[in-house]
S.K.: 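Before anything else, here's the structure in question.
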Amino acid sequence: MSATTEVVETAAGPFEVLSRPGTTEPVLAVHGVSSNNRLWAWVLDAAPEVDLVAPDLAGRGGTPARPGPSSVPAHAEQLVALLDALGLDRVHLLGMSLGGFVVAELAARHPDRVRTVTLVDGGLPLEVGEQGPPPAAAVAPRLRAQYADHRVWADEAAYLEHYRSTVAPLTGADDPRMLALVAHDLAQVDGGLAVHRDVDTVVDDAVSVFASGAPAQALAAVRAPVRLVHAPWSNGAGSPPMYAAAHVARLVAATPSLASAELVHGVDHAAIVMTDHGAAACAAALRANLGV
């Protein structure tokens with residue numbers, strides 16, 4: 001059965017939700033910091049049996065930003081409201097990058113709503129050394145410069161070329177799923193198309209990951225089984241990874257809930273989910289958690 005989208009009204013505001021019915025227990029899939037729910041197209045193809053629900057997080061795609069500051073904990077609570085609106089009592093969680101931190105926080109805060117957690121190159125605390133995370137004031141300006149984009153693009157293909165060159169160099173140039181992904185980020189403006197994303201929300205979310213000790217606390221509090229797949233590179237072949245292998249090994253040894261961690265060769269942070277090879281590894285970890 002093909003995926004469909006709808007706007008779901010919740011106590012925390014409306015969400016645009018992509019869903020695809022399947023034969024498994026339901027999976028709530030949460031995308032990354034500057035992405036949207038079309039990110040899961042490759043996993044949907046790799047695991048056609050999975051019953052998957054994928055919202056656009058607040059401030060991205062078809063889901064409007066919420067009033068006030070944003071954060072990983074705020075998204076976790078908003079997603080509980082979405083589960084309530086959908087009538088989903090307990091779900092398996094799947095999160096990529098920022099989405100990994102959000103689902104870990106949700107699992108820590110609401111263990112009764114969570115069966116398992118599958119993390120895709122995210123959700124584990126970052127390696128910060130003895131000095132601890134940097135102050136928010138030190139990272140917010142860099143993150144704002146990274147995520148703010150006021151350019152106007154002639155068409156979706158032009159933006160896709162830019163997107164692949166800067167964010168996803170190991171993805172397929174002719175993959176129609178890539179075009180669908182970036183198209184969901186764009187809105188019509190005078191002279192062409194522009195990225196439609198709430199920058200304040202995106203920056204707040206990134207700060208709550210990079211300038212906080214909360215991710216370590218959340219992971220330590222998770223009691224559901226956790227499986228991780230992670231990439232050897234961050235942005236292109238040979239680039240430093242988000243998680244060094246030694247850091248992952250230490251976390252596995254110190255975290256009882258972290259049942260497995262697989263390094264997926266030949267992918268970077270984007271390609272671990274935006275390619276068939278990467279998505280197959282994501283699907284395998286998810287299936288292990290689903291018990292299918």
S.K.: By ring-ring contact (aromatic ring centres under 6.0 Å, His included), which residues pair with Trp153, not counting sequence neighbours?
M.R.: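 Scan of Trp153 (ring-ring contact (aromatic ring centres under 6.0 Å, His included), adjacent residues dropped) gives Tyr159, His162.
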S.K.: Given Val273 and Trp42, is the side-chain contact (heavy atoms from CB on, under 4.5 Å) satisfied, shown in steps?
M.R.: CA-CA 7 Å; Val273 70; Trp42 293 263; 5.6 Å; no
S.K.: Can you tell me how far the CG atom of Asp276 sits from the CG atom of Asp175, to the nearest 0.5 Å?
M.R.: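 Atom-to-atom, Asp276:CG and Asp175:CG are 7.0 Å apart.
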S.K.: Under the side-chain contact (heavy atoms from CB on, under 4.5 Å) criterion, do Val8 and Leu82 qualify, and how do the steps go?
M.R.: CA-CA 8 Å; Val8 177; Leu82 175 62; 3.8 Å; yes
S.K.: For atom CG of Asp112, is the number of surrounding heavy atoms from other residues, nucleotides or ligands below 6.0 Å larger than 12?
M.R.: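 Count over threshold, so yes.
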S.K.: Holding to side chain to side chain contact (heavy atoms under 4.5 Å, CB included), I want the full list of residues that pass it with Leu124, two or more places apart in sequence or in another chain.
M.R.: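 Checked Leu124 against side chain to side chain contact (heavy atoms under 4.5 Å, CB included); matches are Leu119, Leu219, Leu228, Tyr243, Val248, Leu251, Leu258.
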S.K.: Not counting sequence neighbours, which residues clear salt bridge (charged side-chain N to carboxylate O under 4.0 Å, His left out) with Arg113? List them please.
M.R.: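 Partners of Arg113 under the salt bridge (charged side-chain N to carboxylate O under 4.0 Å, His left out) test: Asp84.
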S.K.: Ignoring hydrogens, what is the shortest heavy-atom contact between Leu28 and Pro55? Give both atom names and the distance.
M.R.: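 For Leu28 and Pro55, the tightest heavy-atom pair comes out as CD1-CD, 3.8 Å.
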S.K.: Applying salt bridge (charged side-chain N to carboxylate O under 4.0 Å, His left out) as the test, list every pair that has at least one member in residues 46-57; sequence neighbours left out.
M.R.: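 Pairs touching residues 46-57 that pass the test: Glu49-Arg287.
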S.K.: Could I get the full list of salt bridge (charged side-chain N to carboxylate O under 4.0 Å, His left out) partners for Asp155, not counting sequence neighbours?
M.R.: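 Salt bridge (charged side-chain N to carboxylate O under 4.0 Å, His left out) list for Asp155, sorted by chain: empty.
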S.K.: Do the side chains of Pro64 and Pro14 get nearer than 4.5 Å, heavy atoms only?
M.R.: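 The answer is yes, as the side chains (C-beta and beyond) meet within the 4.5 Å cut-off.
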S.K.: Answer yes or no: is there an ion pair linking Asp204 with Arg144, defined by an N-O contact shorter than 4.0 Å?
M.R.: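 No, this pair does not count.
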S.K.: Using salt bridge (charged side-chain N to carboxylate O under 4.0 Å, His left out) as the criterion, point out the one residue from Asp185, Asp205, Asp198 that pairs with Arg60.
M.R.: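 Answer after filtering Asp185, Asp205, Asp198: Asp205.
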S.K.: What pair of heavy atoms forms the shortest contact from Cys282 to Val229, and how long is it?
M.R.: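 Of all heavy-atom pairs spanning Cys282 and Val229, the closest is SG-CG2, 4.1 Å.
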S.K.: For a quick test of reading the model, state the closest non-hydrogen atom pair linking Leu290 to Val27 and the distance between them.
M.R.: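 Scanning both residues completely, I find the closest heavy atoms to be CD2-CG2, 4.0 Å.
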S.K.: Could you state the interatomic distance from CG (Asn36) to OG1 (Thr63), rounded to the nearest 0.5 Å?
M.R.: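 Between Asn36 CG and Thr63 OG1, I get 9.5 Å after rounding to 0.5 Å.
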S.K.: List the steps and the verdict of side-chain contact (heavy atoms from CB on, under 4.5 Å) for Val117 and Val114.
M.R.: CA-CA 8 Å; Val117 180; Val114 178; 3.9 Å; yes
S.K.: Does any part of the side chain of Met96, heavy atoms only, come nearer than 4.5 Å to the side chain of Leu39, both counted from C-beta?
M.R.: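 Contact flag for Leu39/Met96 side chains = yes.
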S.K.: Return the set of residues passing side-chain hydrogen bond (donor to acceptor under 3.5 Å, both in side chains) with His269 (not counting sequence neighbours), or none when no residue passes.
M.R.: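 In terms of side-chain hydrogen bond (donor to acceptor under 3.5 Å, both in side chains), with neighbours along the sequence ignored, His269 is linked to Ser97, Asp121.
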S.K.: What residues, two or more places apart in sequence or in another chain, satisfy side-chain hydrogen bond (donor to acceptor under 3.5 Å, both in side chains) together with Ser34?
M.R.: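 Not a single residue meets the side-chain hydrogen bond (donor to acceptor under 3.5 Å, both in side chains) criterion with Ser34.
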S.K.: Are Val167 and Leu143 grouped together when hydrophobic residues (ILVMFWY) are joined by side-chain heavy atoms under 4.5 angstrom apart?
M.R.: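 Unlinked, Val167 and Leu143 end up in two clusters.
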S.K.: With a 3.5 Å distance limit and no angle check, can you tell me whether Arg164 reaches the backbone of Leu170 through a side-chain donor-acceptor pair?
M.R.: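 The answer is no, because no donor-acceptor pair under 3.5 Å joins these two groups.
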S.K.: Using side-chain hydrogen bond (donor to acceptor under 3.5 Å, both in side chains) as the criterion, list what pairs up with Glu156, not counting sequence neighbours.
M.R.: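 Counting only residues at least two positions away or on another chain, Glu156 forms no side-chain hydrogen bond (donor to acceptor under 3.5 Å, both in side chains).
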S.K.: With sequence neighbours left out, what residues match Ser260 under side-chain hydrogen bond (donor to acceptor under 3.5 Å, both in side chains)?
M.R.: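 Ser260 satisfies side-chain hydrogen bond (donor to acceptor under 3.5 Å, both in side chains) with Arg227 once adjacent residues are dropped.
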S.K.: Would you kindly say whether Thr171 and Thr275 are connected by a side-chain donor-acceptor distance under 3.5 Å?
M.R.: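 Judged by distance alone, the side chains do not pair up.
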S.K.: Are the side chains of Leu98 and Val72 in contact, using a 4.5 Å heavy-atom criterion?
M.R.: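 Contact flag for Val72/Leu98 side chains = yes.
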S.K.: What pairs with Arg250 under salt bridge (charged side-chain N to carboxylate O under 4.0 Å, His left out), at least two apart in sequence or on another chain?
M.R.: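 Scan of Arg250 (salt bridge (charged side-chain N to carboxylate O under 4.0 Å, His left out), adjacent residues dropped) gives Glu127.
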S.K.: Could you check whether any side-chain N or O of Glu161 sits under 3.5 Å from a backbone N or O of Ser165, counting only pairs where one atom can act as donor and the other as acceptor?
M.R.: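 Looks like no, no N/O pair under 3.5 Å.
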S.K.: Under 3.5 Å, side chain of Arg20 to main-chain N/O of Leu44, donor-acceptor pair present?
M.R.: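 Here the side-chain-to-backbone pair exists.
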S.K.: Just by modelled atom types, is the Pro125 backbone N or O under 3.5 Å from a matching donor or acceptor in the His247 side chain?
M.R.: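 It does hold such a pair.
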S.K.: Is there a donor-acceptor pair under 3.5 Å between the side chain of Thr5 and the backbone N or O of Leu18?
M.R.: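 Side chain of Thr5 to backbone of Leu18: no pair is present.
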S.K.: Could you state the interatomic distance from CG (Leu93) to CG (Asn289), rounded to the nearest 0.5 Å?
M.R.: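 The CG atom of Asn289 is 9.5 Å from CG of Leu93, to the nearest 0.5 Å.
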S.K.: Can you tell if the side chain of Leu106 reaches within under 4.5 Å of the side chain of Val80, non-hydrogen atoms only?
M.R.: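 Yes, at least one pair of side-chain atoms sits under 4.5 Å.
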S.K.: Check whether Thr201 reaches the backbone of Ala65 with its side chain - one donor and one acceptor, N or O, closer than 3.5 Å.
M.R.: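 Absent.
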S.K.: Say you draw a straight line from OG1 of Thr10 to CG of Leu83; how long is it, rounded to the nearest 0.5 Å?
M.R.: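 Separation between the atoms: 10.0 Å.
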S.K.: Side chain of Ser212, backbone of Val209: donor and acceptor closer than 3.5 Å?
M.R.: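 Flag not set: sc Ser212 to bb Val209 has no pair under 3.5 Å.
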S.K.: Looking only at atom types and distance, does a side-chain atom of His110 sit under 3.5 Å from a main-chain N or O of Ala76, one as donor and one as acceptor?
M.R.: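 No.
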S.K.: Looking at Pro241 and Ala231, what are the two nearest heavy atoms and their distance?
M.R.: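 Heavy atoms only, the tightest pair is CB-O, 3.6 Å.
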S.K.: Using a 4.5 Å cut-off on heavy atoms from C-beta on, say whether the side chain of Met178 contacts that of Met274.
M.R.: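 With C-beta onward as the side chain, the pair touches.
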S.K.: Considering all heavy atoms of both residues, which atom of Val267 and which atom of Pro232 are nearest to each other, and what is their separation?
M.R.: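 Closest approach of Val267 to Pro232, heavy atoms only: O-CD, 3.2 Å.
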S.K.: Looking at side-chain heavy atoms only, is the closest gap between Val7 and Glu9 below 4.5 Å?
M.R.: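 Heavy-atom side-chain distance check passes, below 4.5 Å.
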S.K.: Taking atom CD of Glu6 and atom CD of Glu16, what is their separation to the nearest 0.5 Å?
M.R.: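 The CD atom of Glu6 sits 10.0 Å away from the CD atom of Glu16.
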S.K.: side-chain hydrogen bond (donor to acceptor under 3.5 Å, both in side chains): which pairs involve residues 130-141, sequence neighbours left out?
M.R.: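 Counting only pairs at least two positions apart or across chains, no side-chain hydrogen bond (donor to acceptor under 3.5 Å, both in side chains) contact touches residues 130-141.
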S.K.: Would Leu57 and Leu79 count as a side-chain contact (heavy atoms from CB on, under 4.5 Å) here? Give the steps.
M.R.: CA-CA 9 Å; Leu57 289 176; Leu79 291 177; 4.3 Å; yes
S.K.: Regarding His92 and Glu25, do their side chains bring together a donor and an acceptor under 3.5 Å, going by distance alone?
M.R.: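 Looking only at side-chain atoms, Glu25 and His92 do form a donor-acceptor pair, the distance falling under 3.5 Å.
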S.K.: Between Asp149 (side chain only) and Val195 (backbone N and O only), is there a donor and an acceptor less than 3.5 Å apart?
M.R.: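 Judged by distance alone, no pair lies under 3.5 Å.
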S.K.: Tell me if a side-chain donor or acceptor on Ser234 pairs with a main-chain N or O of Pro240 at a distance below 3.5 Å.
M.R.: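 Here the side-chain-to-backbone pair exists.
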S.K.: Would you indicate whether the side-chain heavy atoms of Met242 and His230 approach each other to under 4.5 Å?
M.R.: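 A side-chain contact under 4.5 Å is absent here.
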S.K.: When rounded to the nearest 0.5 angstrom, what distance separates OG in Ser35 from CG in Leu181?
M.R.: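 Between atom OG of Ser35 and atom CG of Leu181 there are 5.0 Å.
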S.K.: Which pair of non-hydrogen atoms, one from Tyr147 and one from Ala206, has the smallest distance, and what is that distance?
M.R.: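 Scanning both residues, the minimum pair turns out to be CE1-CB, 4.1 Å.
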S.K.: Less than 4.5 Å apart, side chain to side chain, heavy atoms only: is that true for Val189 and Val152?
M.R.: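 Counting from C-beta outward, Val189 and Val152 do come under 4.5 Å.
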S.K.: Only counting residues at least two apart or in another chain, list the ones meeting salt bridge (charged side-chain N to carboxylate O under 4.0 Å, His left out) with Arg109.
M.R.: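 Scan of Arg109 (salt bridge (charged side-chain N to carboxylate O under 4.0 Å, His left out), adjacent residues dropped) gives Glu77, Glu105.
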